[in-house]
Student: 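Starting off with a structure, shown below.
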Amino acid sequence: MSKILAGLNPAQRAAVSQLTGPVMIVAGAGSGKTRVLTHRIALLLEEGNRPWEILALTFTNKAASEMKERISFLVSPTLARDLWMGTFHSIFARILRRHASELGYTSSFTIYDSDDSLNAVKQAMNALSISKDQFNPNAVRSKISSAKNQMVSPEEYERLARDIFSEQVARIYPEYQRSLKLANAMDFDDLLLKTIELFDTHKETLSQYQQKFRFILVDEYQDTNRAQYAIIKRLAEQHSNLTVVGDDAQSIYAFRGADIGNILDFERDYSGTTVFRLEQNYRSTKSILAAADELIKNNKGQIPKTLFTENMRGEPVRITQCMDERDEASSVVRTIEEEIRSAKLDLRDFAILYRTNAQSRAIEDGLRRQGIPYTIVGGTAFYKRKEIKDVLGYVRLLVNPNDSESLLRVINTPPRGIGATTMEHVALYARDHNKSLMGALEAIDFVPGIQSRAVQRIHEFTKLLLKYASLRDKMSPSELMRALIDATGILQELKLENTMEALSRRENIQEFLSGITDYFHEKPDATLESFLEEISLLSEVDQSDGTKNAVTLMTLHSAKGLEYPVVCITGLEDGLFPSQPVQSDREPRDLEEERRLFYVGITRAMRRCYIYYALERLRFGETVRAMPSRFLEEIERSGATEHVTSFGTKPRVRESYSERAQQISHLFAGSPVVNGRTFSRKRKERTISLDEEPRASYSQIEETSNLHNGSRVFHETFGEGRIIALAGQGDKAKATVEFPKFGRKNLMLKFANLKVL
């Protein structure tokens with residue numbers, strides 16, 4: 001047996017060995033998907049296939065790097081190096097740079113990130129005199145991106161527009177595309193659409209790559225969108241040696257355009273498909289897997305599979321009820337502290353997951369209060385910081401002078417006296433003469449309405465750029481960038497400002513320049529173009545190296561593909577997760593995607609999984625009652641009861657979900673749907689059973705007349721304490737209680753069930 005097949009289980013070995021024809025590998029969570037994919041590529045190479053004939057597409061640079069490293073070990077570094085392996089966007093950017101002229105671009109085109117795209121949308125709206133107050137630019141950009149993912153052209157979008165907002169987007173879309181073309185730029189979506197355009201308009205180019213790529217492998221196929229599906233379909237037509245690996249139960253990116261139908265319909269799209277199922281989970285305990293299985297089997301649209309594990313049973317998944325999000329954070333912090341004491345874990349072994357980024361606020365506060373270090377995946381990444389984007393703006397202009405977004409960013413950074421009014425005149429001239437902004441600056445002497453002082457400063461600015469552009473062939477990339485940044489005066493400006501923030505920004509720029517030196521030292525053949533492309537295509541996960549000993553915070557979407565010994569999932573309330581109010585008639589497919597997202601969260605856990613929900617949250621400045629997520633009831637059903645426990649008092653008889661929904665649905669009437677807003681409020685956790693119904697008609701409220709400052713009381717979770725303050729009346733009555741073991745807690749008397757001692 002080949003050493004490449006040794007060590008694989010029977011299902012993995014079968015999936016690796018079938019090298020030809022269309023193959024679908026359904027890989028359950030933690031079943032060794034990456035192992036199978038890398039061993040399959042290694043076997044192709046061992047069988048004598050040349051590396052440049054193999055195209056392997058991933059969704060993160062991190063995954064591609066990990067796979068290349070494994071293949072280097074299995075075969076040889078040389079063979080691994082010559083593979084066409086990378087993300088969809090990086091691979092097709094590489095192809096587009098080779099054939100840019102066939103589409104009317106130069107090979108040095110700029111790749112716009114989401115911020116650049118948003119700014120370009122705003123500029124298009126300004127050009128069309130469309131109000132940004134009336135039509136949100138972010139929403140416009142999202143609509144354009146969705147249209148591109150569905151391969152809807154500006155012309156087709158205009159035909160389909162049926163409401164006022166869509167009609168305005170239909171006006172902005174072609175203007176946005178026109179501005180990108182003038183700027184010799186593409187956004188992320190264009191890297192796919194332009195590849196399709198290239199293949200459809202230049203059949204000889206398509207034929208070249210069809211012949212070249214004899215074997216095509218696609219990771220995370222369930223996350224592909226229509227454009228990605230279309231490219232793969234075209235490339236695989238000649239040899240039909242297409243292997244896709246994925247798990248329909250982990251399809252969670254519909255909001256980005258991912259189409260779960262791509263994997264569900266694979267056998268229909270590719271006749272003669274061989275299907276392999278990887279069902280043995282190597283990551284999680286039996287209890288974690290049982291809870292996840294109870295959850296996901298509620299989905300109707302899925303590929304049948306039964307996951308199992310030979311790992312230990314482990315501790316049950318624990319569900320904790322809290323009074324509010326601040327108490328939820330306190331409970332999570334206590335869990336981390338307890339696990340560190342009992343299991344001797346490091347902080348890096350913990351992940352806290354949430355549905356929306358806004359939920360991190362209370363959790364961060366809780367961690368800071370206890371002095372626990374943490375890192376946020378999806379926070380402000382290094383290359384997204386203002387000062388770094390300013391520096392990169394200059395570098396991008398060296399590579400692509402027509403990059404209008406970079407020009408607008410840096411032309412007055414540091415301040416040169418070239419104001420917004422001047423640039424409005426320049427933009428108008430550029431539009432009237434069908435020029436890029438740089439083209440208009442080069443003709444600044446002919447632009448009307450510009451003061452002579454501004455004209456002189458623009459000449460100085462363009463002269464600076466021309467000088468360093470002329471030095472590209474005379475200096476190394478790192479030397480060139482250092483000289484250019486020094487010449488701009490940015491570092492000197494920050495030094496003169498002499499504030500803590502300015503000095504921090506200056507240090508960041510210096511760190512960036514040090515990183516540039518290291519980058520070109522490690523990659524002596526790299527160019528400014530390749531450097532800019534690499535950092536523009538970094539994902540949030542790519543920028544999280546996991547080496548820092550700190551608790552990791554991230555959204556559930558960001559967690560896919562990762563694993564941690566201990567996972568804490570917060571905010572399991574209807575209206576938050578799933579992210580719609582309980583009384584709404586949700587599309588079944590939307591609810592199923594939310595369920596898959598929860599499934600992904602649970603299956604990130606290796607040893608312990610903790611789940612939290614609150615009885616109330618502060619939404620848009622108003623405290624509203626929350627209802628436990630319907631998903632919690634699903635994971636507690638039937639056989640999972642021994643694998644799931646509710647933390648707190650003994651369970652009471654539970655009403656059905658629908659009855660409970662009817663009882664509290666009025667609380668959601670008129671309440672806004674959670675949509676990324678910040679939650680924050682002081683309240684207290686009460687860790688009771690999921691099955692215990694909150695005492696909405698709290699009969700003991702009448703007994704609160706016996707409470708006063710100094711009263712000794714008993715709480716079922718925190719024990720004995722003393723009241724130090726009372727506030728509010730009736731349902732809103734609150735008490736601040738000092739507990740010897742747990743400190744000061746703010747309790748809603750309606751739920752606290754305090755007993756006077």
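Counting begins at 1 with the first residue of the sequence. None of these values were measured; they are calculated from a predicted model.
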Student: Is any side-chain heavy atom of Thr527 less than 4.5 Å from a side-chain heavy atom of Leu532?
Tutor: no
Student: Test your reading of the model: is there a side-chain donor-acceptor pair from Asn400 to the backbone of Ala183, 3.5 Å cut-off?
Tutor: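 A pair under 3.5 Å: yes.
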Student: Please check this pair: side chain of Ser65 against backbone of Asn61, looking for a donor-acceptor N/O pair closer than 3.5 Å.
Tutor: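 Confirmed, Ser65 side chain pairs with Asn61 backbone.
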Student: Is it true that Glu511 and Arg506 have a side-chain N and a carboxylate O under 4.0 angstrom from each other?
Tutor: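 Looking at Arg506 together with Glu511, the answer is no, because their closest N to O distance does not fall below 4.0 Å.
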Student: For Tyr374, what residues pass the side-chain hydrogen bond (donor to acceptor under 3.5 Å, both in side chains) criterion, not counting sequence neighbours?
Tutor: Glu364, Arg368
Student: Determine whether a donor-acceptor pair (N or O, by modelled atom type, separation under 3.5 Å) exists between the side chain of Asn549 and the backbone of Leu347.
Tutor: yes
Student: Can you tell me if NE2 on His521 sees more than 12 non-hydrogen neighbours from other groups inside 6.0 Å?
Tutor: no
Student: Has the side chain of Asn119 got a donor or acceptor atom that lies under 3.5 Å from a matching backbone atom of Asp116?
Tutor: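 Absent.
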Student: Can any side-chain N or O of Glu53 pair as donor or acceptor with the backbone N or O of Arg50 at less than 3.5 Å?
Tutor: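 Looks like yes, one N/O pair under 3.5 Å.
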Student: Is a side-chain donor or acceptor of Glu66 paired with a backbone partner of Ala63 at a separation under 3.5 angstrom?
Tutor: no
Student: Any chance the side chains of Ser114 and Ser117 put a donor and an acceptor closer than 3.5 Å?
Tutor: no
Student: Give a yes-or-no answer on whether the side chains of Glu102 and Thr205 include a donor-acceptor pair shorter than 3.5 Å.
Tutor: yes
Student: Look at the rings of Phe531 and Tyr519 and say which category their plane angle falls in: under 30° parallel, 30 to 60° tilted, over 60° perpendicular.
Tutor: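 Perpendicular.
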Student: Is the shortest side-chain N to carboxylate O distance from Glu197 to Lys194 below 4.0 Å?
Tutor: yes
Student: Kindly say whether the aromatic ring centers of His425 and Tyr429 come within a distance under 6.0 Å.
Tutor: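 No, the ring of His425 stays outside the 6.0 Å limit from the ring of Tyr429, centre to centre.
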Student: Does any non-hydrogen side-chain atom of Thr375 lie less than 4.5 Å from one of Leu553?
Tutor: no
Student: Taking all non-hydrogen atoms of both residues into account, name the closest pair between Tyr394 and Leu465 and its distance.
Tutor: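 Minimum heavy-atom contact is CD2-CD2, 4.2 Å.
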Student: Would you check, one step at a time, whether the test salt bridge (Lys or Arg N to Asp or Glu O under 4.0 Å) holds for Arg178 with Glu175?
Tutor: CA-CA 5 Å; Arg178 189 187 76 86; Glu175 176 63 22; 3.2 Å; yes
Student: Counting distance only, does the side-chain N/O of Thr38 pair as donor-acceptor with the main-chain N or O of Thr34 below 3.5 Å?
Tutor: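 Yes; judged by distance alone, with no hydrogens or angles, the pair exists.
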Student: Are any of the side-chain heavy atoms of Ile509 and Ile485 separated by less than 4.5 Å?
Tutor: yes
Student: Please find the pair of heavy atoms, one from Ile71 and one from Ala80, that lie closest to each other, and give the distance.
Tutor: CG2-CB, 4.0 Å
Student: Is Arg472 paired with Glu529 through a side-chain N to carboxylate O contact shorter than 4.0 Å?
Tutor: yes
Student: Going by the angle between their ring planes, with limits at 30° and 60°, are Tyr253 and His557 parallel, tilted or perpendicular?
Tutor: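 Taking His557 first and then Tyr253, their aromatic rings sit tilted (interplane angle of 30° to 60°).
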Student: For residues 483-495, which residue pairs qualify under salt bridge (charged side-chain N to carboxylate O under 4.0 Å, His left out), counting only residues two or more places apart or in two chains?
Tutor: none
Student: Determine yes or no for a side-chain-to-main-chain donor-acceptor pair under 3.5 angstrom, with Ser76 supplying the side chain and Ser72 the backbone.
Tutor: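 Here the side-chain-to-backbone pair does not exist.
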Student: Would you check if there is a donor-acceptor pair between the side chains of Lys143 and Gln168 at a distance under 3.5 Å?
Tutor: no
Student: Are side-chain heavy atoms of Leu37 and Met67 found at a separation under 4.5 Å?
Tutor: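 Result yes, sub-4.5 Å side-chain heavy-atom pair found.
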Student: Does Asp189 come within less than 4.0 Å of Arg256, counting only side-chain N to carboxylate O?
Tutor: no
Student: A side-chain contact here means heavy atoms from C-beta on lying under 4.5 Å apart; do Thr78 and Arg81 qualify?
Tutor: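 Side-chain contact under 4.5 Å: yes.
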Student: So, the side chain of Ser142 versus the backbone of Asn138: is there a donor-acceptor pair under 3.5 Å, distance only?
Tutor: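 Side chain of Ser142 to backbone of Asn138: no pair is present.
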Student: Is Glu533 salt-bridged to Arg94, cutoff N-O under 4.0 Å?
Tutor: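 No, Glu533 and Arg94 are not salt-bridged.
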Student: Could you tell me if the ring centre of Phe59 sits under 6.0 Å from that of Phe88?
Tutor: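 Centroid separation for Phe59 and Phe88: below 6.0 Å.
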Student: With a 4.5 Å cut-off on side-chain heavy atoms, are Asn434 and Leu182 touching?
Tutor: yes
Student: Picking from Phe213, Phe92, Trp52, what satisfies ring-ring contact (aromatic ring centres under 6.0 Å, His included) with Trp84?
Tutor: Phe213
Student: Establish, for the pair Arg604 and Tyr564, whether the NZ or CZ atom is under 6.0 angstrom from the six-membered ring centre and no further than 45 degrees off its axis.
Tutor: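 No, Arg604 and Tyr564 do not form such a contact.
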Student: Would you call Asp390 and Lys386 a salt bridge, using N to O less than 4.0 angstrom?
Tutor: yes
Student: For Glu479 and Ser476, does a side-chain donor sit closer than 3.5 Å to a side-chain acceptor?
Tutor: yes
Student: Would you say the side chain of Arg482 lies within less than 4.5 Å of the side chain of Thr517, judging by non-hydrogen atoms?
Tutor: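 Of all side-chain heavy-atom pairs linking Arg482 with Thr517, at least one is under 4.5 Å.
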Student: Can any side-chain N or O of Gln456 pair as donor or acceptor with the backbone N or O of Arg453 at less than 3.5 Å?
Tutor: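 Absent.
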Student: Would you say Asp187 and Tyr176 are linked by a side-chain donor-acceptor pair, where the criterion is simply a distance under 3.5 Å?
Tutor: yes
Student: Taking all atoms of both residues into account, what is the closest heavy-atom pair of Glu387 and Asn508, and its distance?
Tutor: OE2-ND2, 2.7 Å
Student: Would you please test Arg396 and Glu405 for salt bridge (Lys or Arg N to Asp or Glu O under 4.0 Å) and show each step?
Tutor: CA-CA 10 Å; Arg396 284 166 52 162; Glu405 291 309 314; over 6 Å; no
Student: I want to know whether His99 and Tyr105 have ring centres closer than 6.0 Å.
Tutor: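 No, the ring centres sit 6.0 Å or more apart.
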Student: Examine the side chains of Asn184 and Thr106 and answer whether a donor and an acceptor come within less than 3.5 Å of each other.
Tutor: yes
Student: Any side-chain heavy atom of Leu562 sitting closer than 4.5 Å to one from Met554?
Tutor: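 SC-SC contact between Leu562 and Met554 confirmed.
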